[in-house]
Amino acid sequence: MVLKVYDSLHEVFGYQNWWPIVENDMAIYHPDYRSCKRTSQHAFEIGVGAILTQNTAWKNVVTAIANLKNQKNFSADKLIQLSEAEIADLIRSSGYFNQKARKLKGFASFVLIEAGGDLLKLRKKKLGEVRSLLLGLWGIGPETADSIMLYALGFPIFVVDAYTRRIFSRLGVVKETVGYQEVQDFFHSALKSNPELFGEYHALLVRLGKDFCHPKPLCSDCPLRKFCTYTNAIL
Ligand code: SF4
C-alpha cells in the first residue's frame, strides 16, 4: 500500500527534486538535489530554509533566503555576526521574523560549535546523536530537525508533517491525531531505509496536499482516489 501510494504519486507528479536551492532569487529544483548529495553551503541553506518555512508558504521563504544570500558570504560565520534585529529585517517576508531570527542565530551558533562551521561534518556522527543535538536547539521540533537530517545531511529519516497525517488518515492508515513518532515509525517499517526515497515521498505528499488533499479535498481528479477510504465514504 505505502509503495503503491508512492508509485501513483510519482506517476502523476514525477520527481520533485527537493530540497530546492535559491539562485538568482528563484528556487531551483535540480535533479542532482534529490540524491541528498550536498555542498556545505547548500546544506547550510537547507537548514536555514527548514527553519524559515515553519508556518509559512515556501515562496515567502525564497524571498528571505535570497535576502540573506545577497549578503556577502552566506554562512554560519556571517550570520552569527549579524544582530537578531538585522536578521529579522532580512527575513521579514517569512513571518514570525523575530522568533525566526533568534532561531537562525541559534542554528548558526550550533553549526559553528558542533560542526566547526561545516554542517556536513555532522554526517560522521550517528543519526540519533545528531537528531538529539538539533532537537536541543530552541524552536527546532521534530519536523524541522528531520528536514535538516534528511535533506541537508542525507540521513535516512522520514519527515512527517500535517499533509502526511491528513493524507494517510484519509487513506484509512493512521488517525489524524496520531503522534509524530508513531507516523514516522510506520513509514520506517514500511519502506526501505533510503534517503532519496524518503525525500521524494515527503515532497510528493506535500504536492498532493497542496494540489488536491485540502481541508476540503478535490477528490475527483486525485491520483490516490482508488485507495482512499475518505473519498469512497463520501461518494
Ligand atoms: S481522494 Fe480526496 S481525501 Fe483521498 S487523498 Fe485524494 S484528495 Fe485526499
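Whatever order the structure lists ligands and atoms in, that order sets their numbers, starting from 1.
- Note on atom 6 (Fe) of ligand 1: protein N/O/S atoms under 2.8 Å are C222 SG.
- Sorted by first and then second residue, the ring pair (Phe, Tyr, Trp, His ring centres under 6.0 Å) pairs involving residues 122-142 (not counting sequence neighbours) form an empty list.
- Applying the side chain to side chain donor-acceptor pair (under 3.5 Å) test to pairs two or more places apart or on separate chains, those with a residue in residues 140-157 are Q54-T144, R131-D146, D146-Y180, D146-Q184.
- By the 4.0 Å N-to-carboxylate-O rule, E45 lies close enough to K69 to be salt-bridged with it.
- Between H202 and Y163, the distance from one ring center to the other does not fall under 6.0 angstrom.
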Subject >> CA sep, side-chain torsions, deciding dist, call: R34, E196, salt bridge (Lys or Arg N to Asp or Glu O under 4.0 Å) >> reply: CA-CA 6 Å; R34 73 170 179 268; E196 183 171 329; 3.4 Å; yes
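- Taking N67 as the reference, nothing meets the side-chain hydrogen bond (donor to acceptor under 3.5 Å, both in side chains) condition, with sequence neighbours excluded.
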